[in-house]
Amino acid sequence: MALLPILCYPDPKLHTVAKPVAEVDTRIRTLISDMLETMHEAKGIGLAATQVDVHERLIVMDVSEQHDDPLVLINPKIVWSSAETHLNEEGCLSVPGIYDGVERFDAVKVEAQDSHGKLRLIEADGLLSVCIQHEMDHLLGKVFVEYLSPLKRKRIKTKMLKAQREARN
Ligand code: K1U
Ligand code: ZN
């Protein structure tokens with residue numbers, strides 16, 4: 001297992017659109033374990049392959065209290081979403097220290113392959129639903145700050161670039 005570096009906003013690579021995973025093989029299973037280790041170490045509840053600079057449709061999540069119930073979605077597709085939406089506070093491991101509200105569907109149903117390549121239907125609400133929608137945005141090259149106002153986004157970009165400059169020196 002290995003810890004993978006997480007891309008930080010405003011890295012342009014975060015805007016890459018991911019391609020489908022062609023085959024769930026040893027390479028993908030190794031990537032899944034590395035992403036789960038990276039996500040847990042960073043104290044996140046989700047991680048998209050895009051964030052570790054792999055542009056394939058794969059996400060890992062764990063919204064359990066004990067951090068012992070990982071969920072892997074390969075080639076996820078939302079097949080149903082609720083009519084109701086809510087504003088939820090979100091964070092992102094690629095935008096450390098920034099939290100803000102994003103409107104999301106309350107519940108979604110997602111079709112995806114698991115780590116054995118088997119097709120599954122996942123019914124999600126609450127935090128899992130929010131996390132799935134956030135991670136699936138990453139696969140489309142979208143970071144949650146893009147839902148915020150241009151002024152907020154500009155301030156976040158400036159703050160991130162300053163923090164990255166200071167970390168280098
Ligand atoms: O995609 C990511 O960067 C992971 C992100 C997922 C996420 C958190 C909150 C709402 C939507 C999506 C994180 O895990 S950020 C870490 C964090 O802020 C958090 C951790 C536990 C519970 C809630 C938030
Ligand atoms: Zn994120």
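Both counts, for ligands and for their atoms, begin at 1 and track the order of listing. What you see is a predicted model, and the numbers here were worked out from it, not measured in a lab.
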Do Ile74 and Arg57 have side chains that get closer than 4.5 Å, going by heavy atoms?
no
Point to revise | Contact (N/O only, under 3.5 Å) between Lys43 and ligand 1 | key: no
Hey, does Leu127 come in under 3.5 Å of ligand 1, counting only N/O atoms on both sides?
-> no
For atom 4 (C) of ligand 1, the closest protein heavy atom turns out to be Gly46 O, 3.0 Å
Got Asp34 and Leu3 here, is their nearest side-chain heavy-atom distance under 4.5 Å?
no
Answer whether the closest heavy-atom distance between the side chains of Lys77 and Met136 falls below 4.5 Å.
no
**Asked** Considering only heavy atoms from C-beta outward, does the side chain of Met61 approach that of Leu128 to under 4.5 Å?
**Response** yes
Quiz item: Is there a nitrogen or oxygen of Glu89 sitting under 3.5 Å from a nitrogen or oxygen of ligand 1?
Solution: no
Those residues at least two apart in sequence (or on a different chain) that pass salt bridge (Lys or Arg N to Asp or Glu O under 4.0 Å) with Asp137 are Arg104
key: Verdict with reasoning, Leu73 to Val110, per side-chain contact (heavy atoms from CB on, under 4.5 Å)   = CA-CA 9 Å; Leu73 303 186; Val110 181; 4.2 Å; yes
Heavy atom of Phe144, distance to ligand 1 below 4.0 Å: no
Pairing donors with acceptors under 3.5 angstrom, does anything connect the side chains of Ser33 and Glu37?
no
Quick note on ligand 1: atoms under 4.0 Å from a heavy atom of His138 include exactly 1 (O)
Without placing hydrogens or testing angles, list every side-chain donor-acceptor pair under 3.5 Å for residues 7-19, not counting sequence neighbours.
| residue | atom | partner | partner atom | Å |
| --- | --- | --- | --- | --- |
| Asp11 | OD1 | Lys13 | N | 2.9 |
| His15 | ND1 | Gly141 | O | 3.0 |
| Thr16 | OG1 | Lys13 | O | 2.8 |

**Asked** Backbone or side chain, does any N or O of Glu90 fall under 3.5 Å from an N or O of ligand 1?
**Response** no
Exercise. Going by atom types only, do His67 and Asp62 share a side-chain donor-acceptor pair under 3.5 Å?
Worked result: no
To the nearest 0.5 Å, atom CG of Leu161 lies from atom CD of Glu166 at 11.5 Å
**Prompt:** Would Val145 and Asp100 satisfy side-chain contact (heavy atoms from CB on, under 4.5 Å), going step by step from the backbone distance to the final call?
**Reply:** CA-CA 8 Å; Val145 298; Asp100 215 319; over 6 Å; no
Residues 131-158 vs ring pair (Phe, Tyr, Trp, His ring centres under 6.0 Å), sequence neighbours excluded, gives His134-His138, His134-Phe144
Heavy atom of protein inside 4.0 Å of atom 19 (C) of ligand 1, strictly below | no
Of all protein heavy atoms, the one nearest atom 9 (C) of ligand 1 is Gly91 N, 3.7 Å
- Task: Give a yes/no verdict on whether any heavy atom in Gln51 is under 4.0 Å from an atom of ligand 1.
- Result: yes
Nitrogen or oxygen of Leu93 less than 3.5 angstrom from that of ligand 1: yes
Within 4.0 Å of some non-hydrogen atom of Cys92, the atoms of ligand 1 are 3 (O), 15 (S)
Quick note on ligand 1: atoms under 4.0 Å from a heavy atom of Gly44 include exactly 14 (O)
Looking only at protein heavy atoms, what sits closest to atom 17 (C) of ligand 1 is Tyr99 CE2, 4.4 Å
Nearest non-hydrogen contact to atom 14 (O) of ligand 1 from the set Ile45, Ile6, Val63 belongs to Ile45
**OP:** Answer yes or no: is there a side-chain heavy-atom contact under 4.5 Å between Arg27 and Glu56?
**Re:** yes
Atom 1 (O) of ligand 1 has as its nearest protein heavy atom Glu135 OE2, 2.7 Å
Rounded to the nearest 0.5 Å, the CG atom of Leu121 sits from the CD atom of Glu111 at a distance of 6.0 Å
Under 2.8 Å from the Zn ion (ligand 2), the protein N, O or S atoms found are Cys92 SG, His134 NE2, His138 NE2
